[in-house]
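Count residues from 1 along the sequence.
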Amino acid sequence: MREVDCIIVGGGLAGLQAAIQLGRYSVHQILVIDAGEGRSTLCRTYHNILGHPEGISGKELRARGRMQAERTGVHFEQDRIIEASRIQEERIRLKGSSGNIYETKTVLLATGLTDRMPDIPGLKPTLGRTVYVCPDCDGYEIQGQRTILLGAGEAGANMAMVLIERTDDLLYINHDQTPISADLHRQMKQAGVRYLEAAVQEVQQMEDGHITGVLTEDGQIYESERGFIAFGGNRVHYELAEQLGAVITDNKHVEADPRSMQAAPQVWIAGDLGLHAEQATVAMGEGSIAAIWIHKELQRMKKTV
C-alpha cells in the first residue's frame with residue numbers, strides 16, 4: 001500500500017500540469033497514476049498551444065510533461081484506478097486494476113473522456129494532423145479547405161452547421177446512417193453543406209497522416225484536404241468522481257467550483273471530465289488551478305494535525 005499527500009488520476013495534459021505545479025511546492029508527496037491512454041495519446045498535432053506555432057504531438061507533450069514533473073520529485077505509476085472510497089476522515093483509498101491499493105489525503109481526477117469513433121482503417125493516423133475533433137481548437141485548420149466530416153446523425157449535422165462557417169466546400173458523410181430531423185436537413189441544405197449517407201470503408205491519406213479522401217463501401221472515392229469527426233456518444237469517465245460524492249450532470253460530466261475546481265471534500269477535477277470547452281489549453285489551466293487549491297488544503301491539514 002502506498003500513502004501520499006495527493007494522487008493525480010490521469011497522466012494527460014490536465015494531470016501533468018497539475019503534477020508540475022504541485023511538485024514545484026517541494027513539500028508534498030505526489031503520485032500520478034496513469035493508464036497510458038487518452039485523447040492526448042491519439043492527437044498527432046496540437047496547433048493552438050502557446051509556443052508551438054508549428055504544432056506538437058500529444059505524445060511529445062506528455063513525455064516532456066512527465067520529465068518536467070519528475071524533476072520536481074513527482075512519482076508516476078502505470079495502473080488503472082477502478083474503485084475509489086473514503087476510509088476515514090481526510091483519507092481516500094483507491095484500488096487499481098493491478099490489485100494495488102493507494103491511500104491519499106487528496107485526489108485530483110483528470111480521467112477525461114473517450115471519443116466514440118468507429119474503427120475505420122486510416123482514421124487514427126490522421127487525427128490531429130489533418131482530421132480534427134474540436135471546432136474551437138481546430139476550425140482554423142480547415143479554413144477554405146475541401147473538408148469531409150465523418151459523423152453520425154444529428155451529432156454530425158450540428159457539427160456541419162458549425163464547420164460551414166469555416167469552409168464553403170464541406171461534405172458530411174453520415175457513416176452510421178442514423179436519422180436527422182427535417183429541420184436540420186433544411187438548415188444544412190440552405191447553408192451549402194453537401195450530405196451523403198454511406199458507410200466509410202477507409203480514410204485515404206498520403207504520408208504522415210495527410211488525408212486525401214475517403215472510400216465508401218460502394219467503391220466511391222470522395223477527395224478531401226481536411227477532415228472532422230462527430231459521432232456523438234463520447235464516454236465520460238465520471239465513475240470515480242461519483243464514488244467520492246461529486247455531483248454528476250445529466251451528460252455525465254462532473255460539477256466543480258469554477259474558482260477552485262473542487263468537486264467534493266478532498267476531491268478536485270481538471271480537464272474534459274468537467275463542464276466546459278473540451279480543449280487542451282483549458283485542461284492545463286484547470287490542472288494548475290486545482291493544484292494551487294490542493295496545496296492550500298494540504299497546508300491546512302498540516303496545521304490542524
Side-chain angles (χ1 to χ4, degrees), residues 2 7-20 30-47 49 55-70 74-84 94-100 102 107-134 137-138 150 203 209 228-243 251-254 268-274 276 278-284 286-287 290:
R2 298 192 65 170
I7 290 178
I8 298 170
V9 183
L13 306 188
L16 287 170
Q17 189 66 64
I20 291 167
I30 310 300
L31 174 65
V32 178
I33 302 176
D34 183 37
E37 60 189 42
R39 266 186 164 181
S40 57
T41 64
L42 295 175
C43 185
R44 294 284 307 280
T45 314
Y46 287 102
H47 297 275
I49 293 179
I56 184 170
S57 73
K59 287 185 177 180
E60 179 67 17
L61 267 178
R62 287 170 68 108
R64 293 186 187 187
R66 175 166 178 164
M67 178 178 64
Q68 194 171 348
E70 286 177 331
V74 174
H75 295 279
F76 285 75
E77 185 154 340
Q78 184 163 348
D79 202 349
R80 185 183 301 277
I81 300 302
I82 57 174
E83 187 178 316
L94 304 176
K95 180 180 179 181
S97 59
S98 65
N100 289 341
Y102 311 88
V107 170
L108 171 61
L109 299 175
T111 48
L113 59 78
T114 299
D115 293 282
R116 185 178 79 85
M117 66 181 79
D119 188 18
I120 299 173
L123 176 57
K124 286 186 178 180
T126 65
L127 291 177
R129 179 69 76 187
T130 54
V131 176
Y132 311 103
V133 174
C134 173
C137 304
D138 293 309
L150 303 180
V203 173
F228 251 87
I229 62 170
F231 291 98
N234 295 342
R235 179 173 177 264
V236 183
H237 301 288
Y238 68 91
E239 293 85 358
L240 298 176
E242 184 176 54
Q243 291 168 19
N251 65 1
K252 302 304 182 183
H253 286 273
V254 180
W268 286 258
I269 67 166
D272 293 343
L273 186 62
H276 56 71
E278 295 169 3
Q279 292 188 319
T281 50
V282 172
M284 289 189 283
E286 289 184 345

Residue set satisfying side chain to side chain contact (heavy atoms under 4.5 Å, CB included) with Ala283, at least two apart, ordered chain then number -> Ala14

Which atoms form the tightest heavy-atom contact between Val236 and Lys252, and what is the distance?
-> CG1-O, 3.2 Å

Can you check whether Leu150 reaches Val131 side chain to side chain, under 4.5 Å on heavy atoms?
-> no

For the residue pair Glu77 and Asn100, establish whether any side-chain heavy-atom pair is separated by less than 4.5 Å.
-> yes

Quick one: closest heavy-atom pair of Tyr46 and Ser40, and the distance?
-> OH-CA, 3.3 Å

Nearest-0.5 Å distance that lies between atom SG in Cys43 and atom CD1 in Ile56 = 10.5 Å

Between His47 and Tyr132, what is the ring plane arrangement, given parallel below 30°, perpendicular above 60°, and tilted in between?
-> perpendicular

Distance, nearest 0.5 Å, that separates OH of Tyr102 from CD1 of Ile33 = 4.5 Å

Can you check whether Gly274's main-chain N or O pairs, donor with acceptor, with His253's side chain at less than 3.5 Å?
-> yes

For side-chain contact (heavy atoms from CB on, under 4.5 Å), just list the numbers for Leu240 and Leu94, CA-CA rounded to whole Å, side-chain angles, deciding distance to a tenth of an Å, and then say yes or no.
-> CA-CA 9 Å; Leu240 298 176; Leu94 304 176; 5.6 Å; no

Starting from the C-alpha separation in whole Å, work towards a yes-or-no answer on side-chain contact (heavy atoms from CB on, under 4.5 Å) for Leu16 and Gln68.
-> CA-CA 9 Å; Leu16 287 170; Gln68 194 171 348; over 6 Å; no

Minimum heavy-atom separation for Arg44 to Arg129, with atom names?
-> NH2-NH2, 3.1 Å

Check the pair Ile8 / Val74 against side-chain contact (heavy atoms from CB on, under 4.5 Å), numbers first and verdict last.
-> CA-CA 10 Å; Ile8 298 170; Val74 174; 5.9 Å; no

Nearest 0.5 Å please: distance from the CD atom of Glu286 over to the OG1 atom of Thr281.
-> 10.0 Å

Is there a donor-acceptor pair closer than 3.5 Å between any side-chain N or O of Thr41 and the backbone N or O of Gly36?
-> no

Interatomic distance, CZ@Arg66 vs CG@Leu61, rounded to 0.5 Å, equals 15.5 Å

Are any of the side-chain heavy atoms of Leu42 and Asp115 separated by less than 4.5 Å?
-> no

To the nearest 0.5 Å, tell me how far Met117 CE sits from Leu123 CG.
-> 6.0 Å

Which residues satisfy the salt bridge (Lys or Arg N to Asp or Glu O under 4.0 Å) test with Asp138, sequence neighbours excluded?
-> none

Heavy-atom closest contact (Met284 atom, Ile49 atom, distance) | CE-CD1, 4.1 Å

Could you pull out all residues at least two apart from Glu242 that satisfy side chain to side chain contact (heavy atoms under 4.5 Å, CB included)?
-> Tyr238, Ile248

How far apart are the closest heavy atoms of Thr111 and His237, and which atoms are they?
-> OG1-O, 2.8 Å

side-chain contact (heavy atoms from CB on, under 4.5 Å) assessment of Ser97 paired with Asp79 = CA-CA 7 Å; Ser97 59; Asp79 202 349; 3.4 Å; yes

Judged by atom type as modelled, is there a donor-acceptor pair below 3.5 Å linking the side chain of Arg235 to the main-chain atoms of Arg116?
-> no

Under the 3.5 angstrom rule, does the side chain of Thr45 hit a backbone N or O of Gly55 as a donor-acceptor pair?
-> no

Take Arg62 and Asp34 through the test salt bridge (Lys or Arg N to Asp or Glu O under 4.0 Å) and record every step on the way to the result.
-> CA-CA 11 Å; Arg62 287 170 68 108; Asp34 183 37; 2.7 Å; yes

Under 3.5 Å, is there a donor-acceptor pair between the Asn234 and Glu278 side chains?
-> no

Of the non-hydrogen atoms in Ala18 and Leu108, which two are nearest, and what is the gap between them?
-> CB-CD2, 3.2 Å

Is the shortest heavy-atom distance from the side chain of Leu109 to the side chain of Ile81 under 4.5 Å?
-> no

Heavy-atom donor-acceptor pair, Gln243 side chain to Ala84 backbone, under 3.5 Å | yes

Rounded to the nearest 0.5 angstrom, the OG1-CD distance for Thr114 and Glu37 is 7.0 Å

